[in-house]
K.L.:
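One structure, pasted below without further comment.
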Number of protein chains: 2
Amino acid sequence: MKPELFKVTPACQAVTEILSRVGDKWTVLVVSYLGNGPMRFNELRRTVTGISQKMLTTTLRSLERDGFVLRTVYPGVPAKVEYQLTDLGCDLLVPVRGLSAWAIANEQRVKNARLQYDAAQNPECAQAAE
Amino acid sequence: MKPELFKVTPACQAVTEILSRVGDKWTVLVVSYLGNGPMRFNELRRTVTGISQKMLTTTLRSLERDGFVLRTVYPGVPAKVEYQLTDLGCDLLVPVRGLSAWAIANEQRVKNARLQYDAAQNPECAQAAE
DNA sequence: CCGTATCCTTGTCGATACTG
DNA sequence: CAGTATCGACAAGGATACGG
């Protein structure tokens, strides 16, 4: 059950960095939707419930900069901009979905652990008025 | 190359939550080291370079609450506390290492994409005195 | 339609000091 | 040794207004 010895090398810096990028509030959601095919800005805005215009722009710019997303502008009035995953973006989707699958499969175990922990901390004196 | 259609369901909430937990500054690092076997508090503190006492405590408490880490106190003077991964913690290590492997394998592709993007934004005025 | 700019609130993290 | 408590710096995120 115990996994084989894991030597933490300087390469872990890269891991931490990717995790931070991917672990923000909207990145995974946007990338997942884009995994279905190209989408326009406002289409994405409507689909990703709750995202603000600013955060969508920010998220897309980061993804574009890191090479995960391709931004294509079709000139005209009004302007039309389309976003789609690059090959790198599609590649990223694989391990991300691995973690997604784990999260969905183990959601309840984590919730149970929390309930148990919280219950152990507050035996019964939950009045705790202070 | 394009992955099969991915329907984003409410379950994505669980995904986002796990990603956020795991995507913070220290969690993955601590869990990875703990993957090598049980460790004591200060041992961990020395090993995880740069972590503050507060953040180590906070990170370990969260991990304990979520059922990823088991905390064992050996009474005595001075006190001795040992941390180790639970089964759930070991399980989590699997998809996390998947993403880690991806990050290490693709680090350079991302870096190149960034260089290219930045270069495109700053045509030639790269003196960038900073 | 597709953004950028600004302000403001909130959360995260680190430094420091102190306790059992 | 293994924490807790407090404070302050800073970054992330959201609301709103404006521009191309």
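Proteins come first, then strands; the chains are lettered A, B, ... in the order of their sequence lines, and each starts at number 1.
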K.L.:
For the helix from dC1(C)-dG20(D) to dG20(C)-dC1(D), how many degrees between its two end axes (five pairs per end), to the nearest 10°?
P.N.:
40°
K.L.:
Take Asn112(A) and Arg109(A) through the test side chain to side chain donor-acceptor pair (under 3.5 Å) and record every step on the way to the result.
P.N.:
CA-CA 5 Å; Asn112(A) 289 342; Arg109(A) 287 170 81 187; over 6 Å; no
K.L.:
How many angstroms lie between OH in Tyr117(B) and CD in Gln121(B), if you round to the nearest 0.5 Å?
P.N.:
4.0 Å
K.L.:
In chain order, what residues pass the salt bridge (Lys or Arg N to Asp or Glu O under 4.0 Å) check against Asp24(B), with sequence neighbours excluded?
P.N.:
none
K.L.:
In Å, rounded to the nearest 0.5 Å, how long is the span from CD1 of Ile51(A) to CG of Leu29(A)?
P.N.:
8.0 Å
K.L.:
Can you list the residues that meet the side-chain hydrogen bond (donor to acceptor under 3.5 Å, both in side chains) rule with Glu107(B), with sequence neighbours excluded?
P.N.:
Lys111(B)
K.L.:
In this structure, how many angstroms lie between the C1' atom of dA11(D) and the CZ atom of Arg21(A), rounded?
P.N.:
13 Å
K.L.:
Anything under 3.5 Å between a protein N or O and an N or O of nucleotides 3-5 of chain D, put it in a table, one pair a line.
P.N.:
{"unit_1": "dG3(D)", "atom_1": "OP1", "unit_2": "Arg61(B)", "atom_2": "NH2", "d": "3.3"}
{"unit_1": "dG3(D)", "atom_1": "OP1", "unit_2": "Arg71(B)", "atom_2": "NE", "d": "3.2"}
{"unit_1": "dG3(D)", "atom_1": "OP1", "unit_2": "Arg71(B)", "atom_2": "NH2", "d": "2.4"}
{"unit_1": "dG3(D)", "atom_1": "OP2", "unit_2": "Tyr83(B)", "atom_2": "OH", "d": "2.5"}
{"unit_1": "dG3(D)", "atom_1": "N7", "unit_2": "Gln53(B)", "atom_2": "OE1", "d": "3.2"}
{"unit_1": "dG3(D)", "atom_1": "N7", "unit_2": "Gln53(B)", "atom_2": "NE2", "d": "2.4"}
{"unit_1": "dG3(D)", "atom_1": "O6", "unit_2": "Gln53(B)", "atom_2": "OE1", "d": "3.2"}

K.L.:
Residues from residues 63-70 of chain B sitting under 4.0 Å of DNA chain C, heavy atoms only?
P.N.:
none
K.L.:
For Glu43(B), I'd like to know if atom CD has over 12 heavy atoms of other residues, nucleotides or ligands within 6.0 Å.
P.N.:
yes
K.L.:
Would you say the side chain of Asp91(A) lies within less than 4.5 Å of the side chain of Thr86(A), judging by non-hydrogen atoms?
P.N.:
no
K.L.:
Counting any heavy atom closer than 4.0 Å, what does Arg40(A) reach on the DNA or RNA strands: base, sugar-phosphate only, or nothing?
P.N.:
sugar-phosphate
K.L.:
For the pair made of NZ in Lys25(A) and P in dT10(C), what is the distance, rounded to whole Å?
P.N.:
13 Å
K.L.:
Between dA12(D) atom C1' and Asp24(B) atom CG, what is the distance in whole Å?
P.N.:
14 Å
K.L.:
Measure the distance from CD1 on Ile51(A) to P on dA12(D) and round it to the nearest whole Å.
P.N.:
15 Å
K.L.:
Starting from the 5' end of DNA chain D, give me the residue, Ala79(A) or Gly50(A), whose nearest nucleotide shows up first.
P.N.:
Gly50(A)
K.L.:
Tell me: CE of Met55(A) to C1' of dA5(C), nearest whole Å?
P.N.:
15 Å
K.L.:
Specify the separation, in whole Å, of atom CD of Glu43(B) and atom P of dC1(D).
P.N.:
11 Å
K.L.:
How many whole angstroms separate atom CG of Leu56(B) from atom P of dC13(C)?
P.N.:
13 Å
K.L.:
If I compare all heavy atoms of Thr27(A) with all of Arg21(A), which pair ends up nearest, and what's the gap?
P.N.:
OG1-O, 3.4 Å
K.L.:
Suppose we screen for side chain to side chain contact (heavy atoms under 4.5 Å, CB included). Which residues come up paired with Arg71(B), at least two apart in sequence or across chains?
P.N.:
Arg61(B), Glu64(B), Val73(B), Val81(B), Tyr83(B)
